[in-house]
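Below, read A as the first sequence line, B as the second, and so on, with proteins coming before strands; counting in each chain starts at 1.
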There are 2 protein chains.
Amino acid sequence: MSSDRTRSAILAAAERLYADRGFGDVTLRDIVAEANVNLAAVNYHFGSKDELIAELFVTRSLATNRERLNELKAAEEKGGGHAPIDAILHALVGPTLRGCLGPDREGSTAARFMIRASIESVPPIRRIKNREVDHLRKFIAAMRRAMPGRDDADLYWGLHFALAMSHHTIREKERLTKLSEGRCDLNDVQAIIDRVVSVSVMALTGGETPAKKAPGKVVAREAR
Amino acid sequence: MSSDRTRSAILAAAERLYADRGFGDVTLRDIVAEANVNLAAVNYHFGSKDELIAELFVTRSLATNRERLNELKAAEEKGGGHAPIDAILHALVGPTLRGCLGPDREGSTAARFMIRASIESVPPIRRIKNREVDHLRKFIAAMRRAMPGRDDADLYWGLHFALAMSHHTIREKERLTKLSEGRCDLNDVQAIIDRVVSVSVMALTGGETPAKKAPGKVVAREAR
DNA sequence: GATAGTTTCATACAACTGTTTGAATTGCAA
DNA sequence: TTGCAATTCAAACAGTTGTATGAAACTATC
């Protein structure tokens, strides 16, 4: 009963500290000091440090996945069980980008924690991410319905690139700001989402299997 | 003189171990055991563990950057000081992808080390990566020459997405193979490079500032 | 209000970490 | 060979880490 207070104090303190200083140099002693609880409380309530981190990540991760699937479902219902490709990709990258970017989310502990998790890749989190495959397959299935003629490999590459752009933007937002000297506006989340979706759609609809024959305007270059 | 043997034995052993098991759980004691040298040798020859890691990464990193610039220069000379955009992007992502992917490079210690470095992001490596901005600016400059009318922000986004796709492919190649059940061929490096370049060029030439007005075939979706 | 179960606490544990030390050894020049 | 520097070595250092323990405090039920 009253143990819930301790439990959630640990969770909150851990998320805050990990978000601010990374998984690398935050110890259990830092966490319990921040949470004003005893050191042994972590192992009592969570079993181990890794399980604490896992619970932290699973919570946020499930929320994002739920949001994604809701958006996908909404788009499919709107189109009568057949969502257009840009809506599918929007459902895929929108929640992640909205959750991690933007001026309102800037101070959000959850956002900063998820950014850390996408940068540092500590074992317990990696284990969870590896189970994300089933979730992504639902988007592949939707994409297949939206582009029936398309080669399967192209769909996988398209989804892969969409995730690449959204994750890399989250992960390297500081570097991009610095490189572009502020000319890339990392606060306009909607514009970023549109841009990522737009490029992803082009990747999927641009040329037929660009890797094999490259019939588009861009010709493959010779090696070396 | 003969100390060079110790020095390079440490470098080789460290690179091998880091490549295989990651920075997280390889200790100096593991390294000196693998290299058959004394524990103190690391601090004697490199000053600290972090400086050892830094030297390891700098060496490989400089080689890649040199290769990139050579390819860029070659492309510019070929075009009379004005390389086409796809050649520029090819010079940017080619060396990295070629260095980390492909069946011949599969067993390469250097490749596996660089993949680790791109996944784990340990402090000494992060510090070095932050100095990579100047290097990237040279590619922005070349891109500006190739696409004079283009808005600067679009160029930065294009370069950013090109790096996103190439790095994410390297970092998540296992996941992509698993997700696609082998339908994405991670061994055909040339095809991957062509695909990344092709999509990047589309991102740069596709629609005029797709984020602002989205005049292309893809229309921005409403929020939420 | 005694009892049983849960939660907290101070403390100890055992292992591991990167780094330092100072003596021993080696290599090379004079 | 002597002398001096560079290198190697075993050992210890000083600190940190996550986890375990067993007693104490609390809570709720009968």
With respect to the phosphate group of [N], does any side-chain polar atom (N or O) of [X] fall under 4.0 Å of OP1 or OP2?
X	N	answer
A/H45	C/dT6	no
B/N38	D/dA10	yes
B/T6	D/dT8	yes
A/S48	D/dG18	no

Practice problem: Run the salt-bridge test on A/D154 and B/R195 with the 4.0 Å N-O cut-off and return the result as yes or no. | Solution: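 Answer for the salt bridge query: yes.
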
Quiz item: Does a side-chain N-to-carboxylate-O contact under 4.0 Å join A/E172 and B/K129?
Solution: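 No, this pair does not count.
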
Just how far, in rounded Å, is [atom2] of [N] from [atom1] of [X]?
X	N	atom1	atom2	result
A/F23	D/dG18	CZ	P	13 Å
A/L28	D/dA20	CG	P	12 Å
B/Y44	C/dT26	OH	C1'	11 Å
A/D30	D/dT16	CG	C1'	11 Å
A/L39	C/dT8	CG	P	13 Å
A/N43	C/dT8	CG	C1'	14 Å
B/R29	D/dA10	CZ	P	13 Å
A/K49	D/dG18	NZ	C1'	8 Å

Exercise. Check whether any side-chain N or O of A/R21 sits under 3.5 Å from a backbone N or O of A/D25 as a donor-acceptor pair, and report yes or no.
Key: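 Here the side-chain-to-backbone pair exists.
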
Exercise. If the plane angle is over 60° it's perpendicular, under 30° parallel, otherwise tilted; pick one for B/H160 and B/W157.
Key: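 Rings of B/H160 and B/W157: perpendicular, as their planes differ by over 60°.
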
Quiz item: Can the ring centroids of A/F139 and A/Y156 be said to lie less than 6.0 angstrom from one another?
Solution: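 Ring centres of A/Y156 and A/F139 not closer than 6.0 Å.
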
Quiz item: When all nucleic acid strands are considered with a 4.0 Å heavy-atom cut-off, which category describes B/A40: base, sugar-phosphate, or nothing?
Solution: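 Base, at least one base heavy atom under 4.0 Å.
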
Exercise. Report the residue (A/T27 or A/G47) whose heavy-atom-nearest nucleotide on DNA chain D is the more 5′ of the two.
Key: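 Its nearest nucleotide lies further toward 5', so the answer is A/T27.
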
